[in-house]
Structures are given as structure tokens and as C-alpha cells.
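Computed from a predicted structure; not experimentally measured. Here, residue 1 is the first one in the sequence, and each next residue gets the next number. Every heavy atom of this structure was used, including side-chain atoms; hydrogens, water molecules and symmetry mates were not.
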Amino acid sequence: EAQRQNRVSALAAWRELVGSRLVEGKQFLIGGTYGYTLPTILQHDYSASDNLKSFLYNRTYVMQALAVVAASLCLSVVCVGLQPRQAASAPPGGETPSPEVARQIATAQRLLQTGETNKAITILRGIIQSQPENGDAHLLLGTALVMVPNESEAIQELHRAVQLAPESARVAFSLGTAQAHFGNMKEAEEAFRKALILKPGFAEAHVSLGLILARHKQLGKARTQFEDALKLQGTSPAAAYSHYLLARVLAEQHQPDSAVKELQCAVKLRPRFAEAYLSLGSIYKSLNRQEESLNAFTKATELAPGNPAAQYQLGSALLRNGQANAAVVHLREALKLQPNDRATMTHLCQALFRAGKKTEAQACTQNASAKARDEARADSQELQAGRLNNEGIELEKEGKLLEALEKYRQAAKLDPYRTIFRRNLALVLCRLGRWDDGILELRKVLKQDPADAEATKALYIALEHARAASPQGASGNSTSPKR
């Protein structure tokens with residue numbers, strides 16, 4: 001909703017996630033890379049197929065989901081300071097921060113709430129300069145730097161916070177959330193495991209660890225983590241999300257009946273959970289429970305009318321149920337939301353024909369055929385673009401960066417929709433020290449595919465180098481983004 005500039009709906013969704021503690025949403029609507037994480041939690045890229053595997057193995061989804069878990073604890077950069085909490089640590093010897101330092105930390109928290117990140121960072125740096133062992137300042141500075149984003153310094157500050165508060169599960173959890181945000185899943189897993197050692201009853205850490213394990217296809221271990229979280233969450237609203245994740249794992253393990261039970265629990269605890277209804281409809285469909293499938297897809301579409309997968313699935317279910325006229329309405333909407341989806345177009349043509357709209361059906365079929373011919377021509381160009389890209393890779397291995405740059409540029413021009421070509425172009429620009437050009441291309445990649453993990457990580461690195469504007473940053477040395 002934030003990407004669609006729908007502020008009201010976006011804020012409503014965030015309030016539902018983090019409760020009454022969220023009173024200011026301004027910071028969520030900022031531009032830049034961080035805008036692709038938390039605001040998109042309820043807006044995944046669904047395909048028109050019933051493939052559920054991509055959900056669990058999508059790195060960006062895991063990052064977004066972990067951001068929501070952090071938000072529920074008011075530990076992420078967007079929630080820090082919204083509720084009182086105990087100090088993460090105290091300086092050695094039991095010394096407590098002075099009233100002036102406490103006031104400055106509170107000011108920094110308020111600035112973060114209103115999106116004035118740079119001002120907050122300046123205050124926190126000042127506190128650390130005068131009190132290097134103030135754990136709260138390191139924790140808050142680290143989480144603020146995630147928003148910039150400045151990966152290296154953010155992780156450094158959070159590691160320092162962990163050193164100053166080695167017995168704090170929540171500080172370890174904050175480090176894990178930041179590591180996941182930057183795509184460092186191995187490090188994130190280690191931090192979440194440490195949080196659970198320190199506090200075995202930490203439900204959110206169980207969920208976060210489960211997400212990472214699921215991404216690594218360790219479904220049995222992920223299932224255990226989600227089940228442990230549910231034992232702790234009981235019937236609280238937060239449990240709805242854990243039921244949903246557990247259902248996804250069960251579906252992957254070919255246990256659809258058990259997955260249905262979990263999804264039913266999810267929508268009972270959170271009646272406006274559109275994603276859960278969409279998954280429920282897909283599983284009912286696989287079980288040939290057509291009426292229940294239709295009802296679930298109808299509910300998902302009512303709750304998320306802008307979701308192309310919901311519109312497509314409802315339209316397809318109506319078509320199977322013999323309700324062609326109603327199917328046309330939803331398939332048209334799905335095609336409007338996802339204009340190049342071949343499955344949606346095919347079903348729309350069928351629905352128009354069955355509804356007796358023969359002229360429109362014929363036009364739809366002709367349009368589909370034309371798109372198929374265009375795709376055939378595009379396939380030829382794609383092969384040529386792929387060849388150029390491969391030549392660029394070989395040239396880059398030989399250190400011939402300028403020649404590789406030209407190959408990547410040609411490949412991206414021939415096939416602008418394959419983000420890998422533009423990503424390679426961006427990465428070689430970074431290696432050449434042309435950080436601003438590289439950043440521009442990386443932003444284009446992420447606009448097309450927010451789930452591109454390599455482009456996301458490369459953008460963080462490129463932004464740091466561009467800010468530093470140092471001779472080292474322009475040299476294209478080994479600290480440049482790597483594939």
C-alpha cells in the first residue's frame with residue numbers, strides 16, 4: 001500500500017501488526033532501499049500458479065517478515081522508543097547514565113519516530129563519544145544506521161551493544177534482525193540462536209529462526225521453531241502469523257489437512273488476514289474442496305482487492321464453478337494488475353467465450369496470440385542477450401572491465417526485462433568506481449524485482465562508498481559488490 005502511495009491503508013495495516021503503540025507512520029513512507037522492506041510485508045509478488053515453495057525460500061520475504069517480528073517488539077528502527085523499556089546495559093561498575101544522557105537518548109528516539117534519522121544519529125554519536133560503554137546508545141545507533149542504510153557501521157554498533165549486554169536476549173535479537181535485513185542469513189541465524197539460549201521462551205526469536213531455517217529448506221527444524229513459538233503465544237494476535245507460517249511448512253511437507261487447520265486458526269485470530277485466506281483457498285483447491293476454495297478466494301479478494309493473485313484465483317474458481325460472467329470481472333481486474341500474465345489472459349479468454357461474449361473472446365484470443373508471437377521474438381533477443389552477458393562475465397574474470405561493461409550494456413538494452421543483465425551492468429560500474437552510475441542501475445533492478453538479494457546487498461555497499469567518496473571507494477578494489 002505504501003508503494004501505491006495509499007497512506008491510509010498502509011498505516012491501518014501497520015497498526016494492526018504492532019498494535020496501539022504505533023502512533024506515527026511518517027517514517028514508513030520515506031524513499032530508498034529501506035522502503036522496500038517493512039512496507040511491503042502484506043504485498044508479496046504472487047505468481048498466478050499455485051506454487052507455494054517460493055514463499056518460504058524468498059530472501060526478501062524473510063527479511064520483510066523478520067522486520068515485522070522486530071516491529072512487534074518495538075526493537076526495529078521504526079519502532080524504537082515507542083514504549084518504555086529497560087536499559088540494554090549499564091556502564092561497567094554499575095554506573096547508570098546521567099539524567100542529561102537519558103534525556104538525549106529519549107530525544108534521539110523521538111527523532112527516529114518522526115523520521116529525522118540523521119539528527120538522531122548525530123546525538124547518539126555524541127553520547128558514545130562521551131560514554132563509549134553506553135549500551136543503549138550503541139543499540140539505538142545501530143538500529144538507526146540500518147535505516148540509512150549503512151551496513152558496516154550498523155552491524156559494528158550492534159555487535160558492540162551485544163558485547164556490553166552479553167546476557168540480553170533482546171539485544172542479540174536486534175543484531176539478528178539487522179543481519180537478516182542486510183541479507184546476512186548465516187549471521188542472523190547465529191544471533192537468533194544466541195537469543196534463544198539466553199531466553200528459551202522468546203517467541204519472536206523462534207519465529208525468526210524458523211523463517212531462516214525454512215528458507216534453507218530445513219522444513220522439519222523450521223516447523224519445530226514455529227510450534228515452539230505457538231506454545232508461547234497461545235491465542236494472542238501474534239499467534240496468527242505463526243499459524244500461517246506453520247501452515248506454509250506443512251503444505252511443503254505435503255500435509256494439506258494439517259495446513260488447513262493452521263490457516264483456520266490464523267484467520268480466527270486475525271479475521272482480516274488476506275494472505276491466509278489466499279493460501280487456504282489454494283489448499284482447498286488442491287483437495288478438490290471447490291466450494292470452500294471459492295469462499296476462501298472470495299474473502300481474500302474482499303480483503304486485498306489489489307492483489308493480482310487473489311483476483312486471478314477467484315476468477316479461475318468462478319470459471320470452474322460455471323459462473324463465467326462473474327469470472328470475467330475478476331480476471332479482467334487480475335490482468336489489469338498483472339498485464340503480461342499468460343495464465344490470466346488464457347483464463348479470461350475462456351471466461352469471455354463461456355459467457356457468450358464471442359466478439360470480446362475473439363479479440364482476447366488474438367491479443368493472446370500476438371503476445372505469444374512477441375514472446376517468441378523476445379526469446380530470440382533473450383538468447384542473444386544471454387550470449388552477450390556470458391561474454392561480459394568472461395571479460396570481467398580477465399579483468400577487462402570496460403569491455404565487460406559494454407557487453408552488459410548491450411545485453412540490458414536487448415532484454416531490459418531480465419534484471420540479471422542490468423544487475424551485472426551495475427556491479428561492473430561499481431567495480432570501476434562509478435558508484436553513482438552503479439546505484440542508479442541497482443535502483444532500476446530493485447524497482448523491477450524488489451526480491452533481488454544480490455542487488456539489495458550491492459546497493460547497501462554502493463551507498464556506503466558513495467557517501468564516503470574516498471579514494472579507496474573509487475578504486476574498485478575488493479570491497480566492491482561481488483556476485
Please identify each residue that fulfils side chain to side chain donor-acceptor pair (under 3.5 Å) with D437, with sequence neighbours left out. R434
For residues F173 and F202, establish whether the separation of their ring centroids is below 6.0 Å. yes
Pairs satisfying salt bridge (Lys or Arg N to Asp or Glu O under 4.0 Å), at least one member in residues 175-184, at least two apart: none
Do other residues, nucleotides or ligands put more than 12 heavy atoms under 6.0 Å from the NZ atom of K119? no
To the nearest 0.5 Å, how far apart are CD in Q410 and CD in E391? 8.5 Å
Take atom CD in E398; do more than 12 heavy atoms of anything else shown fall under 6.0 Å from it? yes
Do Q163 and R160 have side-chain atoms, one donor and one acceptor, less than 3.5 Å apart? yes
Nearest atoms (heavy-atom pairs only) where S242 meets L230: CB-CD2, 3.6 Å
Could you tell me if S98 and E100 have a donor-acceptor pair between their side chains, going purely by distance under 3.5 Å? no
Could you grab the distance from atom OH of Y241 to atom CZ of F226, nearest 0.5 Å is fine? 8.0 Å
Please enumerate all residues that pass side chain to side chain contact (heavy atoms under 4.5 Å, CB included) together with E153, with sequence neighbours excluded. R125, L145, N150, E157
Using the side-chain contact (heavy atoms from CB on, under 4.5 Å) rule, pick out the option among L269, V207, D228 that qualifies with Q233. V207
Can you name the closest pair of heavy atoms from A426 and G438 and give their distance? CB-O, 3.7 Å
Can you check whether I127's main-chain N or O pairs, donor with acceptor, with S130's side chain at less than 3.5 Å? yes
Can you list the steps and then say if T224 with L213 is a side chain to side chain contact (heavy atoms under 4.5 Å, CB included)? CA-CA 10 Å; T224 298; L213 291 170; over 6 Å; no
Sidechain-backbone polar pair: E189 side chain, I212 backbone, donor-acceptor under 3.5 Å: no
Could you state the interatomic distance from CD (E454) to CG (D449), rounded to the nearest 0.5 Å? 11.5 Å
Between T107 and I123, is there a side-chain heavy-atom distance shorter than 4.5 Å? yes
Do D436 and L429 come within less than 4.5 Å of each other through their side chains, counting heavy atoms only? no
Check side chain to side chain donor-acceptor pair (under 3.5 Å) between K268 and all other residues, then give those that pass, not counting sequence neighbours. none
For K444, does the NZ atom have more than 12 heavy-atom neighbours from other residues, nucleotides or ligands under 6.0 Å away? yes
Side chain E406, main chain L401, donor-acceptor under 3.5 Å: no
Exercise: identify the closest heavy-atom pair between A229 and A203: CB-O, 3.8 Å
Within a strict 4.5 Å, meaning less than it, do heavy atoms of the H216 and M185 side chains meet? yes
Step-by-step side chain to side chain contact (heavy atoms under 4.5 Å, CB included) determination, L425 to F421: CA-CA 6 Å; L425 170 63; F421 302 149; over 6 Å; no
Donor-acceptor pair between E396 and Y408 side chains, under 3.5 angstrom: yes
Side-chain heavy-atom pair Q179, E190 within 4.5 angstrom cut-off: no
First locate atom CD of Q225, then atom CG of L211, and finally report the distance between them rounded to the nearest 0.5 Å. 10.5 Å
Shortest non-hydrogen contact from L246 to E227? CD2-CG, 3.9 Å
Nearest heavy-atom contact between I105 and A137 is CD1-N, 4.4 Å
Show every donor-acceptor pair shorter than 3.5 Å between a side-chain atom in residues 259-267 and any protein atom, with sequence neighbours excluded, or say none if there are none.
residue	atom	partner	partner atom	Å
E262	OE1	H243	ND1	2.6
Q264	NE2	Y284	OH	3.0

Take R443 and I439, measure what side chain to side chain contact (heavy atoms under 4.5 Å, CB included) needs, and give me the verdict at the end. CA-CA 6 Å; R443 289 195 187 281; I439 288 168; 3.7 Å; yes
Is the shortest heavy-atom distance from the side chain of I121 to the side chain of V148 under 4.5 Å? yes
List the steps and the verdict of side chain to side chain contact (heavy atoms under 4.5 Å, CB included) for S174 and L139. CA-CA 8 Å; S174 294; L139 177 62; 3.8 Å; yes
For the pair H181 (side chain) and E151 (backbone), establish whether a donor and an acceptor sit closer than 3.5 Å, ignoring hydrogens and angles. no
Minimum heavy-atom separation for A411 to A385, with atom names? CB-O, 3.4 Å
Please work out whether the ring planes of F182 and Y460 are parallel, tilted or perpendicular, with thresholds of 30° and 60°. perpendicular
So, do Q255 and R223 sit near enough that their side-chain heavy atoms are less than 4.5 Å apart? yes
Value rounded to 0.5 Å, distance of NE2 in H206 from CZ in F192: 12.5 Å
Going by atom types only, do N184 and E187 share a side-chain donor-acceptor pair under 3.5 Å? no
Donor-acceptor contact present, side-chain H138 to main-chain P132, <3.5 Å: yes
Polar side chain donor-acceptor pair, R422 to T419, under 3.5 angstrom: no
With sequence neighbours excluded, residues passing side chain to side chain contact (heavy atoms under 4.5 Å, CB included) with A455: R423, L442, V445, L446, D452
Would you please say whether a donor-acceptor pair under 3.5 Å links the side chains of T301 and Q311? no
How long is the straight-line distance from CZ of R272 back to OH of Y277, given to the nearest 0.5 Å? 10.0 Å
Taking Q313 for its side chain and S282 for its backbone only, find out whether a donor-acceptor pair lies under 3.5 Å. no
